[in-house]
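Chain identifiers are assigned alphabetically (A, B, ...) following the order of the sequence lines, protein sequences preceding nucleic acid strands; residue numbering begins at 1 within each chain.
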There are 2 protein chains.
Amino acid sequence: MISEKLSAPECTKHLMAVRDALDVINGKWKIQIIIALWEGNTRFKDIERRIPKITARMLSKELKDLECHQLVKRTVYDTLPVSVEYTATPHAQTLYPVIEELKKWGNLHRKKILEKQQVPELA
Amino acid sequence: MISEKLSAPECTKHLMAVRDALDVINGKWKIQIIIALWEGNTRFKDIERRIPKITARMLSKELKDLECHQLVKRTVYDTLPVSVEYTATPHAQTLYPVIEELKKWGNLHRKKILEKQQVPELA
DNA sequence: GTTACTGCTATACTATAGTATACCCACATA
DNA sequence: TATGTGGGTATACTATAGTATAGCAGTAAC
């Protein structure tokens with residue numbers, strides 16, 4: 001179904017793109033963080049509180065990763081004490097359809113798995 | 001942009017669905033394996049040869065995972081010696097749009113990242 | 001002066017993913 | 001008898017992701 005149109009090198013290229021995407025959104029926290037930002041949580045502690053069980057260490061690391069991938073912008077305000085604002089970039093917005101597809105498929109898959117677990121003592 | 005329509009528990013539910021999806025397709029090999037099956041590679045050694053650098057150990061483990069998630073069907077034929085056929089299930093087909101979105105976004109993201117790396121000595 | 005909040009970092013650990021290498025059985029071929 | 005193929009498993013390792021806990025600097029509130 002894919003191979004009909006693609007040569008092997010082309011196919012490898014597509015696989016690389018999929019890998020690239022997964023590498024960026026992979027892990028337990030990245031999508032949660034992006035969504036938290038979309039919800040309007042912009043301060044470090046706000047995000048930390050919004051996402052259950054995340055540690056400061058992970059949040060810090062993941063924010064840096066996301067910034068590096070240009071999905072998050074970090075702005076430091078020269079207040080006393082300094083306040084730091086994290087915002088999702090326009091580029092992060094382009095992830096929306098991906099997340100939607102993942103969400104849809106996650107729900108579909110859950111139903112599929114549960115469906116088989118039912119009807120155990122039918123026959 | 002998401003929060004406007006969703007209460008916190010609803011949002012958590014959606015996050016769970018995304019997590020479920022990522023848990024299934026996550027890792028270096030699963031999508032590659034599914035695509036190899038779509039391409040018509042059905043025998044263990046065929047798949048192993050089709051996917052560069054995968055080891056028998058990983059292939060074996062990943063095929064079991066995928067079977068457990070009902071994305072792959074394993075059929076043993078009573079030949080001498082036994083031959084084993086792996087096929088993608090119809091349920092695996094439902095992953096197609098997800099993979100497409102990941103591919104599209106992977107390409108978009110690559111362009112985005114490269115775009116910034118250019119123009120270093122413009123000004 | 002003590003407590004608490006913000007925005008982190010450091011250290012040490014566990015758990016999971018992935019790699020490398022060798023090996024197994026049953027059969028076929030030379 | 002040796003070598004190769006199909007379909008794997010066993011053992012041991014490394015690397016990365018994630019957890020747990022503590023602490024620090026600056027400020028502010030009581």
Engineer: Nearest to the side chain of B:K64, which nucleotide is it out of C:dG18, D:dT9, D:dG8?
Structural biologist: D:dT9

Engineer: Just N and O in the side chain of B:S83: are any of them under 4.0 Å from OP1 or OP2 of D:dG7?
Structural biologist: no

Engineer: Need to verify one output field. Residue with the more 5' nearest nucleotide on DNA chain D, A:L80 or A:I54?
Structural biologist: A:I54

Engineer: Does the pair A:E48/A:K45 count as a salt bridge with the N-to-O cut at 4.0 Å?
Structural biologist: yes

Engineer: Answer yes or no: is there an ion pair linking A:K64 with A:E67, defined by an N-O contact shorter than 4.0 Å?
Structural biologist: no

Engineer: Describe the nucleic acid contact of B:Y77 in one word from base, sugar-phosphate, nothing, applying a heavy-atom distance below 4.0 Å.
Structural biologist: nothing

Engineer: At less than 4.0 Å, is any side-chain N or O atom of B:T55 found next to OP1 or OP2 of C:dT19? Yes or no.
Structural biologist: no

Engineer: Taking five pairs at each end of the helix from C:dG1-D:dC30 to C:dA30-D:dT1, what angle separates the two helix axes (nearest 10°)?
Structural biologist: 10°

Engineer: Report which part of the nucleic acid A:R57 touches: base, sugar-phosphate, or nothing (heavy-atom distance under 4.0 Å, all strands).
Structural biologist: base

Engineer: With the threshold set at under 4.0 Å for non-hydrogen atoms, list the residues of residues 19-26 of chain B touching DNA chain C in residue-number order.
Structural biologist: none

Engineer: Can you find a side chain N or O atom of A:K45 that sits less than 4.0 Å from OP1 or OP2 on C:dC8?
Structural biologist: no

Engineer: Which of these nucleotides, D:dT19, C:dC8, D:dT9, is closest to any side-chain atom of A:K28?
Structural biologist: D:dT19

